[in-house]
Every structure is written in structure tokens, then in C-alpha cells.
Chemist: 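To start, I am sharing the structure in question, which I have written as C-alpha cells.
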2 protein chains.
Amino acid sequence: MYENLLLYKYVNLNVLKEGDYMAVTLNDIARKAGVSLATVSLALNNSDKVNKDTKLKIKRIADKLNYVPNARARALVKKSTKTIGLVIPEVVNPFFAELAQSIKDYVRSQDFNVILCSTDYQSEEELRYINMFRSGQVDGAIFACVGDMMAQHNELIIKLVEENIPVVYVDRDGVDHDLIPVVKSDVYHAAYQAADYLISLGHKELAFAGQSVERLNGFKSALMKHGLDLKDKNVYYDYLKMEGGYTVGEKIAARKNKPEAVVCLNDEIAIGVIQALIAEKVKVPEEISVIGIDNIKMANFYNPSLTTVNIPVSQMGKKAAEILLKRISGQTLSPKEKFFIFPTELVIRDSSWKA
Amino acid sequence: MYENLLLYKYVNLNVLKEGDYMAVTLNDIARKAGVSLATVSLALNNSDKVNKDTKLKIKRIADKLNYVPNARARALVKKSTKTIGLVIPEVVNPFFAELAQSIKDYVRSQDFNVILCSTDYQSEEELRYINMFRSGQVDGAIFACVGDMMAQHNELIIKLVEENIPVVYVDRDGVDHDLIPVVKSDVYHAAYQAADYLISLGHKELAFAGQSVERLNGFKSALMKHGLDLKDKNVYYDYLKMEGGYTVGEKIAARKNKPEAVVCLNDEIAIGVIQALIAEKVKVPEEISVIGIDNIKMANFYNPSLTTVNIPVSQMGKKAAEILLKRISGQTLSPKEKFFIFPTELVIRDSSWKA
DNA sequence: AAAATTAATTAAAACCTTTTAAAATAATTC
DNA sequence: GAATTATTTTAAAAGGTTTTAATTAATTTT
């Protein structure tokens with residue numbers, strides 16, 4: 001097969017610099033088949049306008065020459081790269097990794113690819129991606145970046161969709177635009193569930209760790225419902241990762257009056273908190289219950305295994321991808337698809353008191 | 001700014017279906033500036049052939065119209081998409097997530113993007129990606145997939161590079177081709193280090209968990225050096241993830257004669273093993289030492305924190321990306337770059353006996 | 001002031017496909 | 001056998017950029 005290719009090159013292009021491989025084009029096939037370029041294109045695209053025998057002949061030659069259509073040329077004429085952009089803060093974060101995986105899996109099943117656009121929480125990076133998207137390098141994009149700094153881009157993103165590049169938001173809010181569908185989980189309720197559960201266990205003084213208005217509000221509403229009040233010192237409202245969680249754990253361990261339980265914005269933070277508490281000889285859950293949100297795989301393998309609130313991130317990713325591809329293919333969305341919210345679920349494990 | 005665009009559309013294209021946004025092109029700018037298309041292109045690319053004032057005028061108009069070059073057209077003529085493919089088994093795996101992150105970070109700094117190609121260990125998926133690469137959708141690719149099944153693609157991948165699509169292997173072997181640089185870590189030595197350390201602690205009966213010829217051999221060579229022999233039942237040679245590690249842990253816990261220490265192919269497996277041991281009331285490290293390889297972030301936050309052998313995955317990713325972009329830009333590689341190997345380092349934490 | 005040189009601009013080709021409208025060929029009908 | 005219809009093939013345009021070679025305009029030299 002490869003010999004043919006080499007021979008072919010020799011025949012048609014004579015002088016060829018060593019190492020300069022020239023890809024086979026429709027034209028080459030046409031010449032070889034003694035037929036026009038248009039016929040070849042039609043034939044390879046299985047048009048029923050072209051004669052059966054010609055089609056076969058052309059396909060044979062294409063095979064023999066190891067032809068593969070030039071994606072760049074095709075993208076130009078089709079106005080589509082069959083590629084979407086996925087904007088997330090970082091891949092090194094089990095939650096977003098799983099989101100990326102599920103999105104990739106779905107779009108791949110529809111013959112699309114995904115460009116990995118991680119911002120590392122830098123707003124300028126997101127900006128650069130938005131500009132890239134405008135250039136038509138993708139057919140659409142999913143934005144899954146949270147954070148206040150990103151809010152300033154909402155206008156630009158609206159512009160993007162008005163320029164006909166569909167966008168779907170995942171767990172990102174701040175925009176209420178008819179052309180931007182939002183897929184999210186009920187994190188308000190998740191935080192509520194977490195706090196509510198801890199209170200039902202008998203805990204009276206709860207702490208919260210992480211930076212998220214929605215989750216903090218859910219947390220507060222549970223306290224409110226049970227007539228508990230929230231001391232300022234029990235709110236560690238800060239941008240945290242696992243290391244940050246560790247710091248919070250250290251701070252808590254150092255207090256004389258410790259909270260009885262802590263609700264963390266996500267599982268990573270929870271693990272950080274627990275690790276610090278254990279290191280400081282504070283027993284989890286005997287002395288302090290710790291609960292996360294997300295239910296990442298590690299939550300089940302941590303020691304103690306982590307009580308958490310499940311967020312169906314894979315389902316969310318798939319749904320977002322479905323909606324995006326629907327929009328890309330020009331379909332209209334049902335009202336439900338424009339704002340799709342997933343329920344969350346409490347998962348009781350070993351990092352909280354047993355009732 | 002946006003008003004201008006709309007106005008412009010109205011002027012030049014009169015009838016425009018609602019919602020059908022037409023992107024601004026070089027031609028539009030040329031007309032508006034009363035100058036030829038070529039001049040516009042030259043001007044926007046900052047050619048010194050075009051007059052200072054004209055250049056300024058053109059740039060102003062481009063700005064006003066919110067012009068952004070069409071990436072698809074540019075890709076066609078430049079024969080480059082400024083995009084690379086990254087083939088990994090899965091993103092939901094801290095090791096590959098970190099690899100992806102570092103690769104993305106570097107190529108992004110050079111204005112390249114990365115298409116996420118995760119195969120879920122399916123050989124057909126890798127095949128599909130290889131075909132996509134052939135179509136010119138990427139300028140080059142990094143293959144970081146291990147596994148015997150993938151070996152069958154080596155020929156195809158060689159073909160790929162012979163078609164002038166540069167490829168770099170990361171931690172993947174089986175090919176010795178002058179055009180395929182390999183970046184790897186010394187995992188043979190890593191396994192050796194792990195076993196050697198455990199033996200130095202006084203352990204006599206060691207087990208191994210995971211499927212990797214190279215690592216198992218390193219493990220064996222350490223035993224050999226110390227004159228220890230390896231019982232078959234102590235080798236859990238299987239394709240394992242975290243769950244698989246858990247199963248191994250259960251099996252070990254159920255044995256009457258337990259090994260004194262276990263070397264795991266990677267940290268995920270190690271965590272699975274530990275979690276099972278603890279669940280079965282086998283104390284780690286008091287009764288059994290467990291050691292991993294990789295040094296993922298979680299290793300430091302696990303409880304007990306995980307003794308492991310560090311693999312500088314971020315450095316590896318960066319190096320691989322550097323080499324790939326070098327090849328893409330046509331530079332030749334030094335012999336060292338054609339086979340770059342990173343040293344590994346023992347990281348002692350709490351999952352192994354203290355000396 | 002004509003010739004030669006330099007600077008600025010442009011026409012046109014190239015990149016490779018898809019797709020439409022027109023042309024050529026084959027098959028059918030009267 | 002001419003006219004019509006159906007089938008098959010093709011020429012050509014379109015997509016939007018880059019880039020080279022050629023043209024035009026401006027400047028300098030003789």
C-alpha cells in the first residue's frame with residue numbers, strides 16, 4: 001500500500017525533496033481515474049448521482065492511494081471544524097476531569113472533538129479562549145468556569161452567540177440570555193442537604209468552608225430552618241483548594257471552641273480539612289463531622305470515607321454536550337433544555353457521626 | 001462598536017435573514033478602506049511593505065468592524081491548525097490529568113491548542129484518533145497511552161510521522177524509530193527504589209500489584225539484589241485501577257500468610273489497597289507497608305499519607321510538548337531529545353514503616 | 001527632463017474541498 | 001428517427017486567507 005503511494009508521488013510530482021510528503025488530493029484521484037474532480041468528491045461522499053461502477057473504481061483508487069480528506073479544506077467550505085471548546089478552570093480537579101470526560105465521550109460519539117481550554121482561574125485566559133472561539137476554530141463551546149472575575153466576560157460571550165457560535169453554561173450563572181442554555185445542579189439544595197443532615201445528627205454549631213454564594217446560602221437556610229445561628233468565625237469563606245482546606249482544618253484544630261461539624265464547598269476541600277484535623281489529633285468523625293459536596297471517586301476511597309452530596313457531574317456533562325450539539329445543528333431547544341437543573345443526593349459515609 | 005457591525009451588514013448585504021450573522025472578512029475591510037484585499041492582509045500582518053498611514057487606517061477599520069481572521073481559511077493556506085492532539089487513556093486519572101495540564105500549559109504559551117483524545121484504553125479509539133490526525137486536523141500529536149493492545153498501532157503511527165505529522169511518545173515504548181522521540185521516566189528504577197527501600201526497612205516478603213513489565217522487572221531486580229525470592233502468589237499482575245487495588249487489598253487481607261509490604265504500580269492502586277486493608281482491620285503501616293508510584297497530589301493528603309516514588313510528570317509533559325513543537329516548527333532534535341529520560345525519587349511518608 | 005531606483009499597492013494564484021447549475025450522454029417514448 | 005426524459009459527468013464558483021510576482025507611484029540619480 002505504501003509502496004503505491006511512493007510510486008505515485010514519483011510519477012506525478014517527480015522532484016520531491018526528501019521528507020516532503022505531499023498528501024493525496026481529490027485531484028490526484030481524479031487524474032488517476034480519468035474523471036473529474038467533482039465526480040470524485042461526489043463518489044467518495046456516496047452521492048447517488050454517480051454511477052455505481054465509477055463509484056467503485058474511484059473508491060478503489062482512493063483506497064490504494066491511501067486518501068484521506070483534508071480536514072482543513074473541508075472545514076473552510078463546510079464552515080465547521082467539528083470541534084467544540086471546553087472551558088474549565090483546571091483538569092487537575094476530579095470534578096472537572098469527570099465533566100471533561102463525559103463531555104468528550106458524548107461529543108465523540110457524534111464525531112466531534114474537544115479542545116481543552118483550562119484557564120487556571122485566570123480571567124485573561126478565558127478571554128483569549130473567547131477570542132479563539134470567535135475565529136471559527138470551534139463550532140461551539142461549553143463554559144464551566146465559575147468565579148466572580150469571569151462574570152465580566154458574559155457580555156463578550158453573548159456577543160459570541162450572537163455571532164452564531166453556540167454556547168452552553170455548566171454550573172455558571174450570571175447570565176439570563178435566551179440563547180445561552182444553562183445546565184446546573186442544585187448546589188443550593190446540596191449545601192442545604194448537607195447542613196440539614198448534620199443538624200439531624202444532633203450537631204448544633206456548624207462551619208462552612210469555601211467560596212460560593214449559592215452554597216453558602218443553602219447552608220444558611222438549613223441553619224435558619226432549625227433556628228440555629230451562624231457565627232462569623234465559622235464561615236471560612238475563601239477561595240480554597242485541597243491545600244486551602246488543610247489550612248482551614250489547622251485553624252479549626254487550633255480553636256478552643258471548635259465547631260461540631262463542617263460543610264465544605266467540595267470534596268477536595270473536605271479531604272484537606274480532614275487531613276489537617278487528623279494530623280492535629282482531632283478525630284473525624286468522633287470529634288468533628290466533615291462533609292463534602294461533589295462525590296468524587298476519591299470520596300469513597302478516602303479514609304475515613306467521605307460523607308458528601310452527590311452531584312451527577314457525568315450526567316450534567318452529557319446533557320450540556322447534547323444541548324450544545326443540538327444548537328450547533330440548528331435545532332431549537334425546548335424550554336426545559338434552556339435551563340436544566342439536576343437534583344443532588346446525600347451520600348452517607350464515615351466522615352460524619354453515625355445516627 | 002457592535003452597532004457599527006450591524007450597520008455595516010445592512011449597508012453591504014441588504015437582505016439578511018434574522019439571526020444569520022455574517023463574519024467580517026478582509027474583503028469587507030478592503031472595500032471600506034478603498035484599498036485592495038492584499039494590502040489589508042499585509043497591513044494586518046504588520047508587513048513593512050505597506051505604508052505607515054495606510055496601515056493605521058486599515059487597522060482602525062478592522063478594529064471598528066471587530067474583525068477577527070477566519071481560522072479555518074488561515075489553516076487551509078498555512079497548512080497548520082495550531083493545534084496538537086493529546087492521546088491519553090483517560091482524564092479521570094490524576095497522573096494523566098497532570099500530564100494534560102502541563103502539556104496544555106506549555107503549548108498554550110506558544111499559541112497552540114490541544115485536542116483532548118482520551119481512549120478509555122480502547123485500541124479502536126486510538127485508531128480513530130490516528131485517522132483524524134492524518135486528516136490534518138492537528139499539527140502534531142503526543143501519545144501517552146500504554147498497554148499491549150496499543151502496540152499494534154505503532155506501524156500506523158510511523159506512517160503518520162512519515163506523512164509529516166510529528167509525534168512524540170510519553171512513557172510509551174515499543175518503537176525505535178528515528179522520527180519518534182520518546183520522553184519517559186525511569187519507572188524500572190522507580191519500582192527498584194520502592195522495593196529496595198522496603199527491604200531496607202526490614203521487610204522480607206514483598207508483593208507487587210499492577211500490570212507493567214518494566215516496573216515488575218525493577219521490583220524483581222531489587223529482590224534479586226538482596227537475595228530474596230518472589231513467590232507467585234505475591235504478584236498481582238493485572239490491569240488495575242483504584243477499585244482493582246481494593247480487590248487486591250481484600251485478597252491480601254484474607255490470606256493467612258500475608259506479605260509484609262506491597263509495591264503498587266501507581267498511587268491510585270496503592271490507595272485502593274490501603275483502603276481495603278484498613279476496612280479489613282489490617283493496619284497500615286503497622287502490619288503491612290504499602291508504597292505507590294507517581295506521587296499524585298492525593299498521595300500527600302491521603303490518610304495515612306502515602307509513601308511513593310515521585311515521577312516528575314509535569315516536567316515530562318512540558319518536555320514532550322517542547323520537543324513536539326520543535327519538530328512541528330521543523331527544527332532538528334539533539335540526540336538527547338530523541339530519548340529523554342527523567343529520574344525518579346523516593347518520597348517517604350506514612351504508609352510505610354518508619355526506620 | 002529622462003532614466004534608474006525605491007517604495008507602495010495590487011492582481012492573481014494557491015490551499016482543497018463541497019455544491020450547484022449546466023452540459024453531455026444514455027435511455028425511453030411517440 | 002426525432003423529441004423527451006432520465007442518468008451521469010463536469011465546469012465553475014465559493015469559502016477567506018496568504019504570498020508572490022507584477023504593476024503603479026514616488027523618489028533619487030544622472
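Just so we're on the same page: letters track the sequence lines, and every chain starts at 1.
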Chemist: Taking salt bridge (Lys or Arg N to Asp or Glu O under 4.0 Å) as the definition, give me every residue that meets it alongside A:Asp111, ordered by chain and number, with sequence neighbours left out.
Modeler: B:Arg128
Chemist: Return no unless some side-chain N or O of A:Tyr67 is found under 4.0 Å from OP1 or OP2 of C:dT17.
Modeler: yes
Chemist: Please report the distance, rounded to the nearest Å, between CG in B:Leu56 and P in C:dA8.
Modeler: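 From B:Leu56 CG to C:dA8 P: 15 Å.
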Chemist: B:Ser36 or A:Asn45: which one's nearest nucleotide on DNA chain C is closer to the 5' end?
Modeler: B:Ser36
Chemist: Rounding to an integer number of Å, can you tell me how far A:Asn46 CG sits from D:dT8 P?
Modeler: 14 Å
Chemist: Among C:dT19, D:dT9, D:dG16, find the nucleotide with the atom closest to the side chain of A:Leu76.
Modeler: D:dG16
Chemist: Name the nucleic acid region contacted by A:Val77, choosing base, sugar-phosphate or nothing; use a 4.0 angstrom heavy-atom cut-off, strictly under.
Modeler: base
Chemist: Measure the distance from CG on A:Asp53 to C1' on C:dA26 and round it to the nearest whole Å.
Modeler: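 It is 14 Å, rounded to the nearest whole Å.
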Chemist: Indicate yes or no: does A:Asp28 engage A:Arg31 in a salt bridge with an N to O separation below 4.0 Å.
Modeler: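 Answer for the salt bridge query: yes.
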Chemist: Measure the distance from NZ on B:Lys78 to P on C:dA13 and round it to the nearest whole Å.
Modeler: 21 Å
Chemist: Return no unless some side-chain N or O of B:Thr39 is found under 4.0 Å from OP1 or OP2 of C:dT10.
Modeler: yes
Chemist: Is the phosphate of C:dT17 approached by A:Asn70 (side-chain N or O, under 4.0 Å from OP1 or OP2)?
Modeler: no
Chemist: Grab the CG-P distance between A:Asn27 and D:dT10 for me, whole Å please.
Modeler: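 Distance, rounded to whole Å: 12 Å.
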Chemist: Using whole Å, report how far NZ of A:Lys79 lies from C1' of C:dC16.
Modeler: 15 Å
Chemist: Looking only at the side chain of A:Lys49 (C-beta and beyond, no hydrogens), which of the listed nucleotides C:dT20, D:dT17, C:dC16 gets closest?
Modeler: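 Per side-chain heavy atoms of A:Lys49, the pick is C:dT20.
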Chemist: Any side-chain N or O of B:Thr54 below 4.0 angstrom from OP1/OP2 of C:dT9?
Modeler: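 True: B:Thr54 side-chain N/O within range (under 4.0 Å) of C:dT9 OP1/OP2.
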Chemist: Passes salt bridge (charged side-chain N to carboxylate O under 4.0 Å, His left out), B:Lys338 versus B:Asp178? Steps please.
Modeler: CA-CA 8 Å; B:Lys338 289 187 183 173; B:Asp178 190 54; 3.2 Å; yes
Chemist: Under the criterion side-chain contact (heavy atoms from CB on, under 4.5 Å), which of A:Leu86, A:Val87, A:Leu324, A:Ile142 is the partner of A:Val170?
Modeler: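 Considering A:Leu86, A:Val87, A:Leu324, A:Ile142, a side-chain contact (heavy atoms from CB on, under 4.5 Å) with A:Val170 is found only for A:Ile142.
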Chemist: Would a 4.5 Å heavy-atom cut-off, applied to side chains only, mark B:Leu325 and B:Tyr106 as touching?
Modeler: yes
Chemist: Hey, which of these two, B:Ala38 or A:Ser41, hits DNA chain C nearer its 5' end, going by closest nucleotide?
Modeler: B:Ala38
Chemist: In whole Å, I'd like the distance from the CG atom of B:Leu37 to the P atom of C:dA14.
Modeler: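 Rounded to whole Å, this separation is 17 Å.
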Chemist: Tell me the interatomic distance from A:Arg74, atom CZ, to D:dT17, atom P, rounded to whole angstroms.
Modeler: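 Going from CZ in A:Arg74 over to P in D:dT17 covers 22 Å.
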